[in-house]
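Shown next, in structure tokens, is the structure this report addresses.
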Amino acid sequence: MAATNLLCQTTTIHPTKSLKIPLNRFPIKPILPFELKLTSRLASLSVKAVLSTAEPQTQKIWHCFTKSEDGYLYCEGNKVQDVMDTVEKRPFYLYSKPQITRNVEAYKEALEGLNSIIGYAIKANNNLKILEHLRKLGCGAVLVSGNELKLALHAGFDPTRCVFNGNGKILEDLVLAAQEGVFVNIDSEFDLENIVAAARIAGKKVNVLLRINPDVDPQVHPYVATGNKNSKFGIRNEKLQWFLDAVKAHPQELKLVGAHCHLGSTITKVDIFRDAAVLMVNYIDEIRAQGFEIDYLNIGGGLGIDYYHTGAVLPTPRDLIDTVRELVLSRNLNLIIEPGRSLIANTCCLVNRVTGVKTNGTKNFVVIDGSMAELIRPSLYGAYQHIELVSPSSPDAEISTFDVVGPVCESADFLGKDRELPTPTSGAGLVVHDAGAYCMSMASTYNLKMRPPEYWVEEDGSVSQIRLGETFDDHLRFFEGL
Ligand SMILES: Cc1ncc(COP(=O)(O)O)c(C=O)c1O
Ligand SMILES: N[C@@H](CCCC[NH3+])C(=O)O
């Protein structure tokens, strides 16, 4: 595939600039000041970028997908149209492997001078090739199921750099975690009992962290908020003493090594992490005062990304780490972080083909072959993901406002609402950006839309398949021999 000089593009963003953001471009709509009734779809809102004191004066943002002046979309020097012409004719995910590396390097550089573990949250994307690459780059892993743990082991992750999270961990999975020496987060009274039982079965003492729910509002969609007091995750501080006593009562089974919190996902203000970290180090002081020698602060994941493609100033991994650095150093702690989205989301597009264009009453639709089955975030959270065509349209293509929808038999089956696009022709390529996190890993086979294949652009610019697409025969296999 043709390599061009369009490798990666860097944009320098100035934090004081005012941004014009169309109101229909907020990813998760039911939140805060943006729940306004629009009289015009094209109405826009002036938003002054709000900066925390921890944020730098300029930031570098990498884009691995770039548009050339003549209107073609490229991924690391590959024309996406050329990739489409080469691979199977069905929706597919296209990743940039170098971008994954760059994202990890950004975290590693930010963490210099700290003892730390980058625990990649496997739930964001569980492609085995991607996991192996992240492991080679030095990441640990964060797991929420026994199968994620098995996959992490399969991908070669060092289990002593893995953390097992979750509010409903089952005994069998905890036994495996205990055998392998994985850190386990205690989430509830029954969870603690199960971890004790697992330690006995495995004949191993388990390194545990207390998942404390600090009741800090992450200012995100309620479905992805986890650190406020009514959340199903973690323990409340009023119960802290009960858990400390329970750990003390099981010296053969449990070693308390740290405290964990995870506030939620898509967080775009580092002050939120700072507020939580202040509370967490205070808990750590209290816990240490009772004679526990705990060494780890785990601040979870949650850093958001620029889904809107507005060039907005968003906190980088460095901003996140800098905001907690002094707190971590002052208590001589090891820092664990659990990024998912900020490591993988911007490395990938879902590439689709336009099936046709239709108009119903006042609404225009672009119907594509991809759908909520391949990428559910817009349907589930009303999330915004940027959409564009991969090739230039003809000069006479009328620009209109479209809902971009799939073929699935649900009115919730949309990838984007009210998007301004040149009217595409049937067969045109259309991408949904920032599809690396919580897209393929949340894909389903609803309406028997089989899960799509995945490809990545390698460091040398070549394109390789990194997952086969599911087929109809795969579905039939579930019934063989029954
Ligand atoms: C406990 C825990 N850690 C890490 C993550 C990863 O979050 P994100 O992908 O937003 O970085 C999640 C998901 O929200 C989580 O629940
Ligand atoms: N699935 C969510 C993130 C959930 C994070 C897991 N606690 C999303 O797509 O944004």
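Both ligands and their constituent atoms are indexed starting at 1 by order of listing.
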Is M442 in contact with ligand 2, taking contact as a heavy-atom separation below 4.0 Å?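 Yes, M442 has a heavy atom closer than 4.0 Å to ligand 2.
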So is Y223 in contact with ligand 2, going by heavy-atom distances below 4.0 Å?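 No; Y223 lies far enough from ligand 2 that no heavy-atom distance drops under 4.0 Å.
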Just by distance, no angles: are the side chains of H386 and D306 close enough, under 3.5 Å, to form a donor-acceptor pair?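 Their side chains do not contain a donor-acceptor pair, so the 3.5 Å distance test is not met.
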Side chains of S231 and N228: is there a donor and an acceptor less than 3.5 Å apart?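 Checked: S231/N228 side chains show no N/O donor-acceptor pair below 3.5 Å.
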Taking the six-membered ring of Y384 as reference, does the cationic atom of R377 (NZ for Lys, CZ for Arg) lie under 6.0 Å from its centre and within 45° of its axis?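 Verdict for Y384: no cation-pi partner in R377.
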Test your reading of the structure: does [X] have an N or O sitting under 3.5 Å from an N or O of ligand 2?
{"X": "Y381", "answer": "yes"}
{"X": "R377", "answer": "yes"}
{"X": "R341", "answer": "yes"}

May I ask you to check whether F92 and Y455 place their ring centers less than 6.0 Å from one another?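 Yes, the ring of F92 comes within the 6.0 Å limit of the ring of Y455, centre to centre.
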Criterion side chain to side chain contact (heavy atoms under 4.5 Å, CB included) against [X], the qualifying member of [options]:
{"X": "L333", "options": "V324, L327, N298, V281", "result": "V281"}
{"X": "I100", "options": "T347, N125, N346, L343", "result": "T347"}
{"X": "V142", "options": "V163, I118, I117", "result": "V163"}

Listed by chain and number, what are the ring-ring contact (aromatic ring centres under 6.0 Å, His included) partners of H154, not counting sequence neighbours?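 Partners of H154 under the ring-ring contact (aromatic ring centres under 6.0 Å, His included) test: none.
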Going by the atom numbers of ligand 2, which of them fall below 4.0 Å from some non-hydrogen atom of K123?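 So the atoms of ligand 2 that pass are 6 (C).
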Walk me through it: do D322 and R325 pass the test salt bridge (Lys or Arg N to Asp or Glu O under 4.0 Å)? CA-CA 5 Å; D322 281 355; R325 175 178 289 277; 3.6 Å; yes
Enumerate the protein residues lying less than 4.0 Å from ligand 1, judged by heavy-atom distances, in chain and residue-number order.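 Shell around ligand 1 (4.0 Å, heavy atoms): A121, K123, N165, R211, H262, S265, G301, G302, E338, P339, G340, R341, Y438.
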